Amino acid sequence: MEPKATPKESPLSKRMDRDVMQNFLKAMPKAEIHLHIEGTLEPEMVFRLAKKNAVALGYKTPEALKEAYNFSNLEDFLKLYYQGLAVLKTKQDFYELAMAYFQKASEENIVRAEVFFDPQAHTSRGVPFASVIEGLLEAAKDAENKLGLSVALILCFLRHLSEQEAFEALKQALPYKKAILGVGLDSSEAGNPPSKFRRVFAKAREEGFLPVAHAGEEGPAGYVREALSELKVLRVDHGVRSEEDPELMEEIKARRIPLSVCPLSNVRLRVFPSLTEHNLKRLLDFGILVTVNSDDPAYFGGYLLENYLQSAEALDMSAWDVSTLAKNSILAAFLPDSEKQRLLKEQDAIASDFL
Ligand code: HPA
Ligand code: ZN
């Protein structure tokens, strides 16, 4: 199952044309495991919902809003991200937001979407938790039935808020616990270490939620260590700064802890100066179970396929590399083993058609 090295004389070791690569990547069934549903809110939808809900915007047109998407860092992005959310008011708004993403995901042949949502960013504005979750759940149900897309929801705690506020969000989620797969941790990383949420994660795990956390995006490798040891996460979101700690890299590799890496996000938020300097391929070559994801595609210039394609091009990846990344996305997903095996077989059949 675990690819060791690129076979030297196989077509897999070759680079592909961009067109062939695009067709290949599109044909491969993929999972997306690091996607904030609020980060799929496109400027056009911001304007449409603002009008419907009588929300005043500081921009005249969707294009003007898009022009403001020039971020210096995570904090800078989060300011606009939270501002944009003000247009989401009703259950129907959340349904439409999610359905638009599911439609796009399905067009890219994403077969499994494990989607983050930030309830505290809505309840703090007076939107009931029920409107958020019920809109998302209805969209998930329609995506499963109409698009054949398998969806899971992961509730993220906002780490710039207090532990007590996270406990309140968890309490609101309990009546829906069968419909929410996991809990995560997002928002401003620096200064808000995973250990701040040790107790709320312990309670969430006890209630059956699967734990993941953003760590090692802007924060240090030590935060990745904490996420593993104190929050007992099953995956690390981003985790790119793990590279600063060789022992941690060995641990992540040995334990097959998936890293959900988001290349375009990392460049837009200046975690790396450019895509050619991104460590995605180094992590892959080291043998870590690394995956490609789009994070907040409405803000970062591309959905999942674009993240794969631009990374493959910038990092001079082979067919073997990108096919390993697509396989890793299935291996890293929270799916039953039998379903993973079925999807991996489907991928192998497609790879042998193309290569
Ligand atoms: N990092 C941290 N928090 C977030 C992000 C991100 O990329 N997107 C939405 N919330
Ligand atoms: Zn994220």
Side-chain angles (χ1 to χ4, degrees), residues 31-42 46 69-86 88 94 97-98 101 105 113-125 132 136 152-161 165-166 169 182-194 196-197 211-220 223-224 226-227 231 233-242 258-272 278 280 290-304 307 329 332:
E32 174 143 68
I33 61 170
H34 186 157
L35 181 282
H36 301 263
I37 200 63
E38 295 91 344
T40 68
L41 181 59
E42 292 285 349
V46 171
Y69 294 175
N70 180 16
F71 314 112
S72 316
N73 52 36
L74 174 60
E75 206 51 40
D76 212 25
F77 154 69
L78 288 169
K79 235 184 282 159
L80 270 183
Y81 170 87
Y82 292 124
Q83 246 176 48
L85 301 186
L88 295 163
F94 285 92
L97 171 72
Y101 165 69
E114 298 180 358
V115 170
F116 296 132
F117 68 111
D118 286 335
Q120 292 163 287
H122 311 301
T123 51
S124 62
R125 304 182 285 114
V132 180
L136 297 179
L153 296 179
I154 299 175
L155 179 159
C156 279
F157 302 118
L158 298 183
R159 69 202 302 159
H160 68 277
L161 300 179
E165 285 164 297
V183 292
L185 188 63
D186 66 0
S187 194
S188 321
E189 188 181 3
N192 295 298
K196 177 175 164 187
F197 298 94
V212 298
H214 283 53
E217 178 187 16
E218 282 198 347
Y223 282 19
V224 177
E226 268 191 19
L231 306 185
V233 296
L234 303 172
R235 298 195 298 238
V236 175
D237 298 312
H238 294 296
V240 288
R241 287 191 60 190
S242 303
L259 300 187
S260 67
V261 170
C262 307
L264 291 180
S265 161
N266 289 159
V267 173
R268 287 299 187 99
L269 301 187
R270 312 205 188 174
V271 174
F272 293 92
H278 199 286
L280 174 69
V290 63
T291 65
V292 169
N293 303 274
S294 70
D295 209 3
D296 302 282
Y299 293 88
F300 299 148
Y303 283 77
L304 186 62
N307 272 270
S329 77

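In each ligand, atom 1 is the first atom listed, and ligand 1 is the first ligand listed. The structure displayed is predicted, hence computed values, not measured ones.
- Note: an N/O pair closer than 3.5 Å links Asp296 and ligand 1 by distance alone.
- The ring pair (Phe, Tyr, Trp, His ring centres under 6.0 Å) test with Phe77 singles out one residue from Tyr69, Phe71, Tyr82, and that residue is Phe71.
- Looking at heavy atoms from C-beta onward, Val224 lies out of side-chain contact with Arg241 at the 4.5 angstrom threshold.
- Considering only non-hydrogen protein atoms, atom 3 (N) of ligand 1 sits nearest to Ser187 N, 2.8 Å.
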Full working for salt bridge (charged side-chain N to carboxylate O under 4.0 Å, His left out) between Arg235 and Glu114: CA-CA 12 Å; Arg235 298 195 298 238; Glu114 298 180 358; 2.7 Å; yes
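- Considering both main-chain and side-chain atoms, Glu217 comes within under 3.5 Å of ligand 1 through a nitrogen or oxygen pair.
- Nearest protein heavy-atom contact of atom 7 (O) of ligand 1 is Asp295 OD2, 2.7 Å.
- Remark: Leu269 CG to Cys262 SG distance equals 9.5 Å, nearest 0.5 Å.
- Distances shorter than 2.8 Å separate the Zn ion (ligand 2) from the protein N/O/S atoms His34 NE2, His36 NE2, His214 NE2, Asp295 OD1.
- When side chains are defined from C-beta on, Asp295 counts as touching His238, because their heavy atoms get closer than 4.5 Å.
- Ring geometry for Phe94 versus His122: interplanar angle over 60°, hence perpendicular rather than tilted (30 to 60°).
- Each of the following atoms of ligand 1 lies closer than 4.0 Å to a heavy atom of Leu78: 4 (C), 10 (N).
- For ligand 1, the polar-atom distance check against His34 finds no nitrogen or oxygen pair separated by under 3.5 Å.
- By the side-chain hydrogen bond (donor to acceptor under 3.5 Å, both in side chains) test, His278 pairs with Asn266, sequence neighbours left out.
- Here is the list of ligand 1 atoms found below 4.0 Å of a heavy atom in Tyr81: 9 (C).
- At distances below 3.5 Å, not a single donor-acceptor pair connects side-chain atoms of Ser294 with backbone N or O atoms of His34.
- Under 4.0 angstrom from ligand 1, there are no non-hydrogen atoms of Phe116.
- We find the CD-OH distance between Glu38 and Tyr299 to be 9.5 Å, quoted to the nearest 0.5 Å.
- Close contacts between ligand 1 and His238 involve ligand atoms 7 (O) [criterion: under 4.0 Å to a heavy atom].
- Atoms of ligand 1 lying under 4.0 Å from at least one heavy atom of Leu74, given by number and element, are 1 (N), 2 (C), 6 (C).
- Checked by atom type, the side-chain pair Asp76/Ser72 shows a donor-acceptor distance below 3.5 Å.
- Interatomic distance, Phe117 CZ to Ile154 CD1, rounded to the nearest 0.5 Å: 9.5 Å.
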